[in-house]
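Read the structure below first, then the notes.
Here is the naming used below: chain letters follow the sequence lines, and residue numbers restart at 1 for every chain.
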Number of protein chains: 2
Amino acid sequence: MQPRSSKSAARSGELRSPQEYRAGADVFKALGHSSRLLIVDALTRGERCVAELTELIGCDTSTVSNHLAVLRNVGLVADERRGQQVFYRIAAPCVTKVFACLEEVRSAREKQR
Amino acid sequence: MQPRSSKSAARSGELRSPQEYRAGADVFKALGHSSRLLIVDALTRGERCVAELTELIGCDTSTVSNHLAVLRNVGLVADERRGQQVFYRIAAPCVTKVFACLEEVRSAREKQR
DNA sequence: TGGAGATTTTGCCATTTTGCCAACAATGCA
DNA sequence: TGCATTGTTGGCAAAATGGCAAAATCTCCA
């Protein structure tokens, strides 16, 4: 996306800054993968360690670790090591509401056809 | 993501189906691009035609059209042709709240470091 | 009908994302 | 210390994504 000039930004009703859109997009990009969405859904029900999430998803541990890093980097989850295990939990409470929103989007999509 | 067996799904507390995660991820994937997020933000303030959105974003019209198709395919926006122009509008009201949620995520991320 | 304006579709290429494996790091325990 | 357990990191190949430009489509109007 190219930066808007302040002139065109003003004409547009002054939305948000390119940085804000980029940061926001990164958050949604993090949620935009079925495995990561599953992880978030699972963590909504309480913290889990990497091994538990790995079994839940059914792929390589390193893959899960990478997914968790994506979620952590945007601030959606937080991690805490306890002994040999690293536990992950939801860091932003509002994500627990995303599934309700998804349901709304789905009904909107069905109405549309 | 590999399909979970019903057995492991049950053990995990029966979350959602792989299809649901895939569909949900598609919605977030659609929001996971700065240009598309800008489009959604703009449409939150009222409908716009493709040409207006194109000027707002500052890239090729065909690119904007493709972005709009992504948003439309997941049900986030709806289109309506009036004369030569096609107007787009928000189809799922809840998306107007996503920016508030992004703000929460951002503050959670800052607290984390 | 024919031309112009608005939008969509398609093809192509560069970039990014995914997921696996192997190697490495951190922790706990004998 | 030596070793098993748990996660993370780096490298690589396959797949998906993004953006432009050309071609196609649709609509209005002369």
Side-chain angles (χ1 to χ4, degrees), chain A residues 1-4 18 21-40 42-43 47-74 76-89 112, chain B residues 1-4 18 21-40 42-43 47-74 76-89 112:
Chain A
M1 189 179 64
Q2 285 160 30
R4 289 165 293 127
Y21 291 118
R22 242 175 282 133
D26 284 340
V27 173
F28 289 120
K29 220 177 295 179
L31 291 170
H33 187 289
S34 54
S35 295
R36 290 194 293 264
L37 204 50
L38 167 49
I39 290 173
V40 167
L43 295 184
E47 64 173 21
R48 303 281 175 101
C49 70
V50 179
E52 289 172 320
L53 294 170
T54 296
E55 198 206 343
L56 206 51
I57 295 177
C59 68
D60 199 90
T61 304
S62 67
T63 299
V64 175
S65 181
N66 279 320
H67 282 315
L68 287 166
V70 172
L71 291 170
R72 180 163 27 82
N73 285 336
V74 299
L76 283 172
V77 306
D79 62 334
E80 181 190 355
R81 177 179 279 276
R82 289 207 291 278
Q84 289 172 299
Q85 300 174 322
V86 177
F87 288 86
Y88 281 82
R89 58 178 166 75
Q112 204 168 142
Chain B
M1 189 178 64
Q2 286 162 29
R4 288 165 293 128
Y21 291 117
R22 243 175 283 132
D26 284 340
V27 173
F28 289 119
K29 223 178 292 181
L31 291 171
H33 188 287
S34 54
S35 295
R36 291 196 291 264
L37 205 50
L38 168 50
I39 289 173
V40 167
L43 295 184
E47 64 174 21
R48 302 283 175 98
C49 70
V50 180
E52 290 172 320
L53 294 170
T54 297
E55 198 206 342
L56 206 51
I57 295 177
C59 68
D60 200 88
T61 304
S62 65
T63 300
V64 175
S65 181
N66 280 319
H67 282 314
L68 287 166
V70 172
L71 292 170
R72 179 163 27 81
N73 285 336
V74 299
L76 283 172
V77 305
D79 63 334
E80 182 191 354
R81 178 179 278 276
R82 289 207 292 276
Q84 289 172 300
Q85 300 175 322
V86 178
F87 288 86
Y88 282 81
R89 59 180 165 75
Q112 205 170 143

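In this entry the distance linking CG of B/Leu68 with P of D/dG19 reads 13 Å, nearest Å. Rounded to whole angstrom, the span from the CD1 atom of B/Ile57 across to the P atom of C/dT7 amounts to 13 Å. Put simply, CD1 on A/Ile39 is 13 Å from C1' on C/dT18, counting in whole angstrom units. In this structure, A/Arg36 places its CZ atom 12 Å from C1' of C/dG19, rounding to the nearest Å. For B/Lys29 and D/dA16, the NZ to C1' distance is 8 Å, given to the nearest whole Å. Separating the CZ atom of B/Arg48 from the P atom of C/dA6 is a distance of 17 Å, rounded to the nearest angstrom. With rounding to whole Å, A/Glu55 atom CD is found 17 Å from D/dT5 atom P. One can place CZ of A/Phe28 at 18 Å from P of D/dT17, the figure rounded to the nearest angstrom.
In this structure, the nucleotide among C/dT8, D/dT9, D/dA21 sitting nearest to the side chain of A/Ser65 is D/dT9. Nearest nucleotide to the A/Asn66 side chain, out of D/dT9, D/dC20, D/dT17: D/dT9. Side-chain proximity of B/Ser62 to C/dT18, D/dT8, D/dA21: nearest is D/dA21.
Judged purely by atom type and a 3.5 angstrom limit, A/Arg36 has no side-chain atom pairing as donor or acceptor with the backbone of A/Ile39. A side-chain donor-acceptor contact under 3.5 Å links B/Arg81 to the backbone of B/Gly83.
Five base pairs at each end of the helix from C/dT1-D/dA30 to C/dA30-D/dT1 define two local axes, and these are offset by 20° (rounded to 10°).
Between A/Thr63 and C/dG19 there is no side-chain N or O to OP1 or OP2 distance below 4.0 Å. Proximity of B/His67 to the phosphate of D/dG19: a side-chain N or O atom is located under 4.0 Å from OP1 or OP2.
You'll find the side chain of B/Glu47 reaches within 4.5 Å of the side chain of B/Arg82, heavy atoms only.
The stretch residues 79-88 of chain A touches DNA chain C through A/Arg81, A/Gly83, A/Gln84, each having a heavy atom under 4.0 angstrom from the strand.
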Exercise for the section: Kindly determine whether B/Cys59 and B/Thr54 satisfy side chain to side chain contact (heavy atoms under 4.5 Å, CB included), including the steps that lead there. Expected result: CA-CA 6 Å; B/Cys59 68; B/Thr54 297; over 6 Å; no
Practice task
For A/Asp79 and A/Phe87, run side chain to side chain contact (heavy atoms under 4.5 Å, CB included): C-alpha distance rounded to whole Å, both residues' side-chain angles, the deciding distance at 0.1 Å, then the answer.
Solution key: CA-CA 5 Å; A/Asp79 62 334; A/Phe87 288 86; over 6 Å; no
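To the nearest 0.5 Å, the span separating CG on B/Leu38 from NE2 on B/His33 amounts to 10.5 Å.
Closest approach of A/Arg48 to A/Leu56, counting heavy atoms only: NH1-CD2, 3.9 Å. For the pair A/Leu71 and A/Ala30, the tightest heavy-atom approach, listed with the atom from each and the gap, is CD2-O, 3.8 Å.
Residues satisfying the side chain to side chain contact (heavy atoms under 4.5 Å, CB included) criterion with A/Asp60, sequence neighbours excluded, are A/Ser62, A/Thr63.
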